[in-house]
Amino acid sequence: MVRIGVVGAGYWGPNLMRNFAACPLTSLAAVCDQDAARLQKFRRLYPGAALVPSLDDLLGLPGVDAVALATPVQTHYPLAAAALRAGKHVLVEKPLAASAREAEDLVRLARERGRVLMVDHTYLFSPAVRHLKALIDSGEVGDLYFIDSVRINLGLFQHDTNVVWDLAPHDLSITQYLLGTPPREVVAFGSCHADAAGGIEDLAYVHLDYGGGLLAAFHLSWLSPVKVRQFILGGSKKSVVFNDLEPAEKLKVYDRGFTVKTEDQRRRVQIGYRMGSVVSPHLEQGEPLQAMVQHFARCVQSGAEPASGGEFGLGIVRILERAQVSIKSAGPRVAFGGAADDPPRRAAA
Ligand SMILES: NC(=O)c1ccc[n+]([C@@H]2O[C@H](COP(=O)([O-])OP(=O)(O)OC[C@H]3O[C@@H](n4cnc5c(N)ncnc54)[C@H](O)[C@@H]3O)[C@@H](O)[C@H]2O)c1
């Protein structure tokens with residue numbers, strides 16, 4: 001049994017607690033939160049777990065093997081570094097850290113101390129994403145043309161991070177897992193509405209060029225009245241739509257696309273359309289978060305590098321950082337006239 005202490009009992013932490021408590025390979029040894037009232041709610045749920053107000057108290061408990069951090073992103077680095085220095089294995093919620101420099105330091109620390117460092121990029125453990133990777137690797141999708149993801153909903157507005165750092169880790173980690181390579185270029189647009197004074201983007205469009213004609217576009221928003229979680233991957237043979245809000249048929253494989261017929265005498269390309277069937281493959285059942293915590297426990301037991309280990313998490317942070325630079329620098333854009341700081345558009349009175 002790997003004995004775990006979970007730090008952060010806010011929105012996401014209880015999901016980690018529930019899964020560590022249910023996992024046959026782990027036990028929930030402690031719950032830590034600086035908010036005493038929040039902490040007390042877990043006394044009845046997990047009577048066997050120690051309740052502590054700080055990471056220092058958690059690190060002082062005997063027999064805790066690993067620490068899982070579900071605290072705001074700005075705290076990931078100091079808390080993870082302290083836990084690694086204390087000889088604990090560490091699971092960090094996505095994203096690994098608030099900067100690539102911090103993430104690099106955590107990777108170095110974990111290597112020096114011989115501890116497992118893993119990031120909870122939950123989608124890597126989703127049966128739909130695993131199936132999608134198998135379709136790509138088997139050649140069934142063909143050459144990859146595009147990835148188009150829409151991840152929008154109303155809120156949850158955050159004060160210390162923007163919509164890119166909050167939501168894009170999902171799309172970036174799925175894409176990194178599927179392709180195994182980082183993008184060549186990143187360009188991003190973002191705008192602030194709820195917290196314009198704080199400069200916190202709540203709407204963003206992140207575009208990536210993976211080379212070979214493969215482009216990806218991620219649309220991220222806390223402003224949308226409807227929740228959408230749709231990830232489309234287009235290939236030369238098949239295209240796949242992953243809709244995470246579908247209860248049953250999360251993945252649909254479309255035998256649809258185009259075929260290039262021979263050029264005519266005027267050297268114009270003749271395009272034909274392929275309108276084949278749509279198949280919803282059978283997917284394994286099971287909660288991705290449970291698969292994630294089991295993977296973490298196995299890596300702690302065996303010393304193996306996790307699928308979403310420190311290096312993987314660092315790669316995601318590097319892309320987030322570049323997207324942020326692109327947003328803030330309003331990089332090379334082709335202007336259509338009008339000042340960059342035009343006031344928001346309003347309907348005519
Ligand atoms: N994997 C996913 O799908 C997913 C989903 C949501 C959130 N997250 C991640 O989970 C993390 C937490 O997000 P959240 O929405 O639960 O935040 P939250 O603000 O709801 O909760 C954070 C908790 O951490 C506590 N805390 C903060 N600093 C602390 C410290 N130094 N010591 C002890 N406790 C401390 C706070 O009191 C609070 O209870 C973020 O990294 C976020 O990106 C992941």
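Just follow the structure's listing: the first ligand is 1, and inside any ligand the first atom is 1.
Counting atoms of ligand 1 from 1 in the listed order, those under 4.0 Å from a heavy atom of Gly8 are 23 (C), 24 (O). Heavy-atom proximity to His170, at under 4.0 Å, picks out these atoms of ligand 1: 2 (C), 3 (O). Those atoms of ligand 1 with a heavy atom of Pro72 less than 4.0 angstrom away are 22 (C), 24 (O), 27 (C). Shown in contact with Thr122 at under 4.0 Å from a heavy atom are these atoms of ligand 1, numbered in order with element: 1 (N), 2 (C), 3 (O). Using a 4.0 Å cut-off to heavy atoms of Arg38, the atoms of ligand 1 that qualify are 38 (C), 39 (O). Within ligand 1, counting atoms from 1 as listed, the ones closer than 4.0 Å to a heavy atom of Gly10 are 20 (O), 21 (O), 23 (C), 39 (O). Residue Val7 approaches ligand 1 through these ligand atoms, each under 4.0 Å from one of its heavy atoms: 33 (C).
Within the 4.5 Å cutoff, the side chain of Leu16 has heavy atoms near those of the Met292 side chain. No side-chain heavy atom of Thr161 sits under 4.5 Å from any side-chain heavy atom of Pro72. Using a 4.5 Å heavy-atom cutoff, the side chains of Ser239 and Arg256 are not in contact.
Distance from atom 7 (C) of ligand 1 to its nearest protein heavy atom, with residue and atom name: Trp12 CB, 3.7 Å. Protein heavy atom in closest approach to atom 10 (O) of ligand 1: Glu93 CG, 3.3 Å. If you check which protein heavy atom lies closest to atom 43 (O) of ligand 1, you get Lys94 O, 2.8 Å. For atom 40 (C) of ligand 1, the nearest protein heavy atom (residue, atom name, distance) is Thr71 O, 3.5 Å. Nearest protein neighbour of atom 20 (O) of ligand 1, counting heavy atoms only, is Tyr11 N, 2.9 Å. Shortest contact from atom 30 (C) of ligand 1 to any protein heavy atom: Gln34 OE1, 3.4 Å.
Counting only distance, with no hydrogens or angles, the side chain of Asp202 and the backbone of Ala194 share a donor-acceptor pair below 3.5 Å. With hydrogens and angles disregarded, a donor-acceptor distance shorter than 3.5 Å links the side chain of Gln290 to the backbone of Asn19.
In this structure, of Ala98, Ala36, Ala70, the residue bringing a heavy atom nearest to atom 12 (C) of ligand 1 is Ala70.
Considering backbone and side-chain N/O atoms, Gln158 never comes within less than 3.5 Å of an N/O atom of ligand 1.
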For Ser149 and Phe242, what are the C-alpha separation, side-chain angles and deciding distance, and is it a side-chain contact (heavy atoms from CB on, under 4.5 Å)? CA-CA 9 Å; Ser149 179; Phe242 168 31; over 6 Å; no
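Remark: Arg111 engages Glu311 in a salt bridge, criterion side-chain N to carboxylate O under 4.0 Å. A salt bridge is absent between Arg85 and Glu112: the closest approach of a Lys/Arg side-chain nitrogen to an acidic carboxylate oxygen does not fall below 4.0 angstrom.
Distance CD/Gln34 to CG/Leu55: 11.0 Å, rounded to 0.5 Å.
Within the 4.0 Å cut-off (strictly below), no protein heavy atom is located near atom 17 (O) of ligand 1.
The closest approach between any non-hydrogen atom of His76 and ligand 1 is below 4.0 Å. In this structure, Asp33 has a heavy atom closer than 4.0 Å to ligand 1.
A pairwise comparison of heavy atoms in Ser308 and Leu124 identifies CB-CD2, 3.8 Å as the closest pair. Nearest heavy atom pair, residue Leu39 against residue Asp33, reads CD1-N, 3.5 Å.
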